[in-house]
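First the structure, in the form of structure tokens, and then the observations on it.
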Amino acid sequence: LAAEDARLQFNSQLFERDADIDFQSNFVGSHCGSWFKLFDGMPDQQARYSVGKEDCYIELGFKNGFRPKMRTLKLHGYGIIDRTVVSVRQNGAWTKLVPAATEKEKYAFTLFFEDIREIEGLRLDFPGVKGSPNELQIYEIQMPRVR
């Protein structure tokens with residue numbers, strides 16, 4: 001019960017919004033068949049992985065009127081997660097964002113941005129290195145609520 005209570009209290013605008021998100025990715029493999037695992041409030045369970053691919057990406061398109069406001073983005077995972085390059089779509093155009101600060105943990109990488117942005121889409125690029133295993137595991141994409 002405590003684990004389910006914690007999951008239900010997970011602070012993310014994307015939590016269980018899979019009906020409002022179109023998903024694209026070029027990951028080589030996926031641990032779970034359904035991409036909604038990226039938004040289920042369980043940041044310690046692998047949702048997607050890739051090994052050996054030089055440049056992976058995940059792209060989210062928001063629909064049905066859902067427009068999250070982003071100032072902080074926390075990616076739960078492992079491997080080259082700290083190479084994340086963030087782009088957002090606003091008014092139909094993509095813009096690459098440079099974080100004001102980042103924080104690396106053993107199984108998470110957080111990006112802090114100066115401005116709050118209401119976004120139509122989110123793209124995460126994970127640049128790899130030729131000849132490297134480029135291991136990447138993603139457990140959860142967390143976009144904390146902006147107050």
Side-chain angles (χ1 to χ4, degrees), residues 3 6-18 20-63 66-147:
R7 187 186 80 81
L8 293 173
Q9 297 301 317
F10 194 69
N11 180 13
S12 180
Q13 297 173 77
L14 307 179
F15 177 67
E16 293 190 341
R17 295 295 300 250
D18 48 287
D20 299 320
I21 302 171
D22 285 329
F23 177 83
Q24 293 181 20
S25 176
N26 69 343
F27 275 38
V28 174
S30 63
H31 178 68
C32 300
S34 299
W35 61 266
F36 73 87
K37 288 288 300 164
L38 291 168
F39 320 111
D40 68 355
M42 300 174 75
D44 58 351
Q45 293 186 4
Q46 186 183 73
R48 300 303 243 192
Y49 75 89
S50 181
V51 176
K53 191 161 184 65
E54 283 184 36
D55 295 305
C56 289
Y57 77 89
I58 294 173
E59 189 173 306
L60 309 177
F62 305 117
K63 59 185 182 179
F66 177 50
R67 296 290 182 265
K69 293 179 180 171
M70 186 181 81
R71 184 171 199 169
T72 303
L73 185 67
K74 185 169 188 174
L75 305 173
H76 299 267
Y78 180 78
I80 63 169
I81 198 165
D82 58 343
R83 294 185 192 163
T84 304
V85 176
V86 176
S87 299
V88 296
R89 189 173 66 226
Q90 293 176 287
N91 300 317
W94 285 100
T95 303
K96 189 181 292 185
L97 298 183
V98 176
T102 61
E103 181 179 286
K104 174 80 167 111
E105 301 169 58
K106 185 172 182 179
Y107 295 105
F109 184 61
T110 307
L111 301 101
F112 303 93
F113 302 98
E114 287 188 19
D115 300 320
I116 297 171
R117 295 173 181 261
E118 185 174 304
I119 60 175
E120 301 163 5
L122 175 69
R123 182 178 169 105
L124 307 173
D125 287 284
F126 306 95
V129 176
K130 188 174 180 128
S132 172
N134 297 315
E135 181 181 9
L136 177 61
Q137 299 176 23
I138 304 290
Y139 308 154
E140 187 86 13
I141 300 173
Q142 181 181 6
M143 191 181 298
R145 291 174 192 88
V146 176
R147 300 199 191 281

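Position 1 is the first residue of the sequence; numbering continues from there.
- The shortest side-chain heavy-atom distance between L122 and L73 falls under the 4.5 Å cut-off.
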Begin with the C-alpha distance, continue with both residues' side-chain angles, and end with the deciding distance and a verdict on side chain to side chain contact (heavy atoms under 4.5 Å, CB included) for Q46 and Y139.
CA-CA 4 Å; Q46 186 183 73; Y139 308 154; 3.9 Å; yes
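- Residues W35 and D18 approach most closely at CH2-O, 3.6 Å, considering heavy atoms.
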Run E105 and Y107 through side-chain hydrogen bond (donor to acceptor under 3.5 Å, both in side chains) and show every step you take.
CA-CA 6 Å; E105 301 169 58; Y107 295 105; over 6 Å; no
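- A donor-acceptor distance shorter than 3.5 angstrom exists from the side chain of N26 to the backbone of Y57, with no hydrogens or angles considered.
- A donor-acceptor pair under 3.5 Å links the side-chain atoms of E140 to the main chain of D40, judged by distance alone.
- If you take CD1 on I58 and CG on L136, they are separated by 7.0 Å, rounding to the nearest 0.5 Å.
- We find the CG-NZ distance between L75 and K104 to be 10.5 Å, quoted to the nearest 0.5 Å.
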List the steps, then state whether side chain to side chain contact (heavy atoms under 4.5 Å, CB included) holds for F112 with E103.
CA-CA 8 Å; F112 303 93; E103 181 179 286; 4.0 Å; yes
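- Under the rule for a side chain to side chain donor-acceptor pair (under 3.5 Å), K69 has no partner lying at least two apart in sequence or in another chain.
- How far OH of Y78 is from OH of Y49: 16.0 Å, rounded to the nearest 0.5 Å.
- The two residues R67 and I119 come nearest to each other via the heavy atoms CD-O, 3.3 Å.
- Paired with S12 under the rule side chain to side chain contact (heavy atoms under 4.5 Å, CB included), one option of R145, Q142, K74 passes, and it is Q142.
- For the atom pair R7 CZ and Q45 CD, the distance stands at 10.0 Å (nearest 0.5 Å).
- No more than 12 heavy atoms of other residues, nucleotides or ligands lie within 6.0 Å of CD in E114, so this atom counts as exposed by the packing criterion.
- The minimum heavy-atom distance linking F66 with Q13 is given by the pair CZ-O, 3.4 Å.
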Show every donor-acceptor pair shorter than 3.5 Å between a side-chain atom in residues 82-95 and any protein atom, with sequence neighbours excluded, or say none if there are none.
from: R83; atom 1: NH1; to: P127; atom 2: O; distance (Å): 3.2
from: R83; atom 1: NH1; to: N134; atom 2: OD1; distance (Å): 3.4
from: T84; atom 1: OG1; to: I81; atom 2: O; distance (Å): 2.5
from: R89; atom 1: NH2; to: E120; atom 2: O; distance (Å): 3.3
from: Q90; atom 1: OE1; to: R117; atom 2: NH1; distance (Å): 3.0
from: Q90; atom 1: NE2; to: E118; atom 2: O; distance (Å): 3.2

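- Atoms CG and CG, from L60 and D20 in turn, are 12.0 Å apart once rounded to the nearest 0.5 Å.
- Of all heavy-atom pairs spanning P68 and L14, the tightest one is CG-CD2, 4.5 Å.
- To the nearest 0.5 Å, atoms CG (D115) and CZ (R71) are separated by 7.0 Å.
- Using a 4.5 Å heavy-atom cutoff, the side chains of I141 and F39 are in contact.
- Between I21 and K63, the shortest heavy-atom distance links the atoms N-CE, 4.1 Å.
- Across L38 and F23, no two heavy atoms sit closer than the pair CD1-CE1, 3.5 Å.
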